[in-house]
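Here is how names work: the chains are called A, B, and so on, in the same order as the sequence lines, proteins then strands, and each is numbered from 1.
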Amino acid sequence: NAGVTQTPKFRILKIGQSMTLQCTQDMNHNYMYWYRQDPGMGLKLIYYSVGAGITDKGEVPNGYNVSRSTTEDFPLRLELAAPSQTSVYFCASSYRRLVSYNEQFFGPGTRLTVL
Amino acid sequence: AQKVTQAQTEISVVEKEDVTLDCVYETRDTTYYLFWYKQPPSGELVFLIRRNSFDEQNEISGRYSWNFQKSTSSFNFTITASQVVDSAVYFCALSLTQGGSEKLVFGKGTKLTVNP
């Protein structure tokens, strides 16, 4: 299993540009998540999905959009990039059963700089 | 409010010293889970442990041990005989239930530097 994969690893955007960060998992996990990590600030949840076709906002959703058309893929869309979106983005997935909460598996991250 | 506090921003030790990383949490949930993750300099996040609120037994895994105390809302992490490879940022996280969907809330992390 490749686990959680993310592309690209690095990207530089100009203000106002748009892009999509790709995330794929091959573990048949039902839950998927997008986080951003700013220096010294831990991880903040942007969006999450509990299954194909179902997404919901996290703590910091403004400026982002997601979709979940398949179990495997959970792309994150940035529209009109702003310098405040400079960060490292992590995708994660987990398998949620009825009475337990399992660990999240993280991708390697995408380092995004908006200039 | 449901949150995780890692009061130690940075810790520096010399190899072979023992070191404890503190984690204090707040939650209204009666059932919850706590996690520790390691983020080495390479940047990936590595899962270390999961503990549910009904299991207060301490856990040991090699040089790593965890002390979970509900009475003080703490889930501390101890590395015994630290090694240079333990240098990383360590995150404590708490499961957060909102609207039936669980999410994690992370502390800000503790940067551990182990010097040779």
Side-chain angles (χ1 to χ4, degrees), chain A residues 2-6 8-10 23 27 29-51 53-61 66 68 87-112, chain B residues 1-10 21 23-25 27 29-55 59 61 66 75 88-111:
Chain A
V4 180
T5 57
Q6 292 182 239
K9 285 187 170 54
F10 304 93
C23 175
M27 297 174 282
H29 286 170
N30 48 355
Y31 278 48
M32 295 187 75
Y33 312 81
W34 274 106
Y35 294 91
R36 59 177 286 171
Q37 183 180 27
D38 300 321
M41 294 303 293
L43 282 81
K44 293 188 176 179
L45 184 65
I46 305 171
Y47 271 96
Y48 68 100
S49 169
V50 304
I54 306 170
T55 63
D56 205 351
K57 297 178 181 178
E59 185 182 0
V60 290
V66 294
R68 182 106 181 263
S87 190
V88 180
Y89 292 84
F90 287 97
C91 179
S93 71
S94 66
Y95 186 68
R96 173 81 173 95
R97 299 184 189 92
L98 285 176
V99 294
S100 69
Y101 190 91
N102 293 322
E103 64 272 20
Q104 295 180 15
F105 293 84
F106 285 81
T110 295
R111 186 175 296 274
L112 176 67
Chain B
Q2 303 197 65
K3 67 177 184 179
V4 174
T5 301
Q6 295 180 255
Q8 304 148 309
T9 305
E10 294 193 39
L21 309 182
C23 172
V24 174
Y25 62 93
T27 182
D29 293 346
T30 54
T31 301
Y32 52 89
Y33 290 80
L34 294 159
F35 301 80
W36 276 94
Y37 283 86
K38 174 182 180 180
Q39 187 175 41
S42 52
E44 74 274 21
L45 281 145
V46 179
F47 165 75
L48 295 178
I49 190 171
R50 176 189 70 163
R51 173 67 70 214
N52 74 52
S53 54
F54 296 109
D55 183 0
E59 178 147 347
S61 176
W66 290 268
F75 186 42
V89 180
Y90 291 86
F91 292 97
C92 181
L94 167 70
S95 64
L96 177 65
T97 303
Q98 285 182 341
S101 298
E102 281 73 20
K103 301 185 286 288
L104 286 182
V105 59
F106 284 82
K108 293 184 177 180
T110 297
K111 182 178 181 181

Enclosure of B:Arg51 CZ (heavy-atom neighbours >12, cutoff 6.0 Å):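 Correct, the count exceeds 12.
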Nearest-0.5 Å distance, CD of residue A:Gln104 to CG of residue B:Leu45: 10.0 Å
Spacing of NZ belonging to A:Lys44 relative to NZ belonging to B:Lys108, to within rounding of 0.5 Å: 7.0 Å
Segment of A:Gln37 engaging chain B (4.5 angstrom heavy-atom cut-off): side chain
Under 4.5 Å from any heavy atom of chain B - which part of A:Leu43: both
Heavy-atom closest contact (B:Phe35 atom, A:Glu103 atom, distance): CE2-CA, 3.6 Å
Residue B:Tyr37 versus chain A: region with a heavy atom under 4.5 Å: side chain
Contacting region of B:Gln6 [heavy-atom separation from chain A under 4.5 Å]: neither
Stepwise side-chain contact (heavy atoms from CB on, under 4.5 Å) check, B:Leu104 with A:Tyr35: CA-CA 10 Å; B:Leu104 286 182; A:Tyr35 294 91; 3.8 Å; yes
Stepwise side-chain contact (heavy atoms from CB on, under 4.5 Å) check, B:Gln39 with A:Phe106: CA-CA 11 Å; B:Gln39 187 175 41; A:Phe106 285 81; over 6 Å; no
